[in-house]
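Written below as structure tokens is the structure these notes are about.
First the proteins, then the strands, lettered A, B, ... as listed; each starts at 1.
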Protein chains: 2
Amino acid sequence: MLTIGTLSRQTGVKIPTIRYYEQMGLMAAAERSEGNQRRYTPRDRDRLSFIKHARDLGFTIEAIRELLDLSAHPERPCADADEIAARQLQSVRDKILRLRMLETELGRMATRCHGDHIRDCYVLQSLANHEMCESEHR
Amino acid sequence: MLTIGTLSRQTGVKIPTIRYYEQMGLMAAAERSEGNQRRYTPRDRDRLSFIKHARDLGFTIEAIRELLDLSAHPERPCADADEIAARQLQSVRDKILRLRMLETELGRMATRCHGDHIRDCYVLQSLANHEMCESEHR
DNA sequence: ATCACATTCTCCAGTCGCTGGAGATATTAG
DNA sequence: CTAATATCTCCAGCGACTGGAGAATGTGAT
């Protein structure tokens, strides 16, 4: 049996976060020691690693909940899980696109500013005037 | 003089958000009508547009506060503003890099899954086992 | 057994950047 | 003048944690 601290070290998930996941119902309420401290099994660790991995990949808590529910039903078709992953992939791609446009704008701002004083600062002028933007960020 | 609704329409910033910016000190407390409603000048609109634009580019409220402070002092060197923009650019680039790694992993997951049942679902297996990842996302 | 120290407990509040509802008041068009 | 629309303040909630206070528990050394 693992203490919450050990579990935390092994998975890289902070202690308050583990408790938060319990509260959110992603992790089952852990068993307790005599003195009311949480004790975990290796299965709990696997589940938490799954959650951590999915969070690192940007899945929302809600999506992770769905994925965990799915994995509890091995007979069901896996199309649902695929769809969740595909949705996440699309959202990542959308974010990349958007960030690329921001990168362009910010790059233009940062490289073009050669004024010495705030009065002539290209960065501030660009922010003040959307017309100066070349691409349609947002 | 513009009402808050008009200002909102002209800038694309929602009404509660405008009030929020006032609370946060990004916008000065607006003048009021006889009946205590906010009234804005075109200068207020310019300032709000600046804020909106910066938010769209991902600057934090704190960074925007700094930029606005800077722009109030036209004699100061603009290196500070440049630095804030450069910082933001770097953070955007970092995010893009990270998202690209996620894209790779998610892409692999989504295309490789040809199992029919959850039991064989590649998506879920990948999430359960970080070893299956090819790149070091996070 | 005792002590010191580390760990964990619960509860609550704060983070960021908004967003929306309730209920009261103001303004405006017809 | 009335009805419709807009705005006011206050407060609570979102997502996903994070951290502090103060009390209780667990562990290793003497």
#### Entry: Distance below 4.0 Å between Arg32(B) side-chain N/O and dT9(D) OP1 or OP2
yes
### Query
Which residue, Gln23(B) or Gly35(A), contacts DNA chain D at a nucleotide closer to its 5' end, judged by nearest heavy atom?
Gln23(B)
### Query
Is Phe59(B) touching bases, backbone alone, or none of the nucleic acid, heavy atoms closer than 4.0 Å?
nothing
#### Entry: 4.5 Å side-chain heavy-atom contact, His114(A) and Asp120(A)
no
### Task
Kindly write out the residues that satisfy salt bridge (charged side-chain N to carboxylate O under 4.0 Å, His left out) with Arg39(B), not counting sequence neighbours, or none if the list is empty.
none
### Message
Is any side-chain heavy atom of Asp44(B) closer than 4.5 Å to one of Arg47(B)?
### Response
no
### Query
Taking NZ, NE, NH1 and NH2 as the nitrogens, is one of them in Glu105(A) or Arg108(A) under 4.0 Å from a carboxylate oxygen of the other?
yes
## Note on the structure
Result for 5'-nearest mapping on DNA chain C, choosing between Arg39(B) and Gln37(A), is Gln37(A)
### Protein-nucleotide distance (Ile61(B), atom CD1; dG14(C), atom P), rounded to Å
19 Å
### Message
If you compare every side-chain N and O of Arg38(B) against the phosphate oxygens of dC8(D) (OP1, OP2), does one of them come in below 4.0 Å?
### Response
yes
### Query
What is the distance, rounded to the nearest whole Å, between atom OH of Tyr20(B) and atom P of dG21(C)?
19 Å
### Summary
DNA chain D nearest-nucleotide lookup for Glu34(A) and Lys14(A): closer to the 5′ end is Lys14(A)
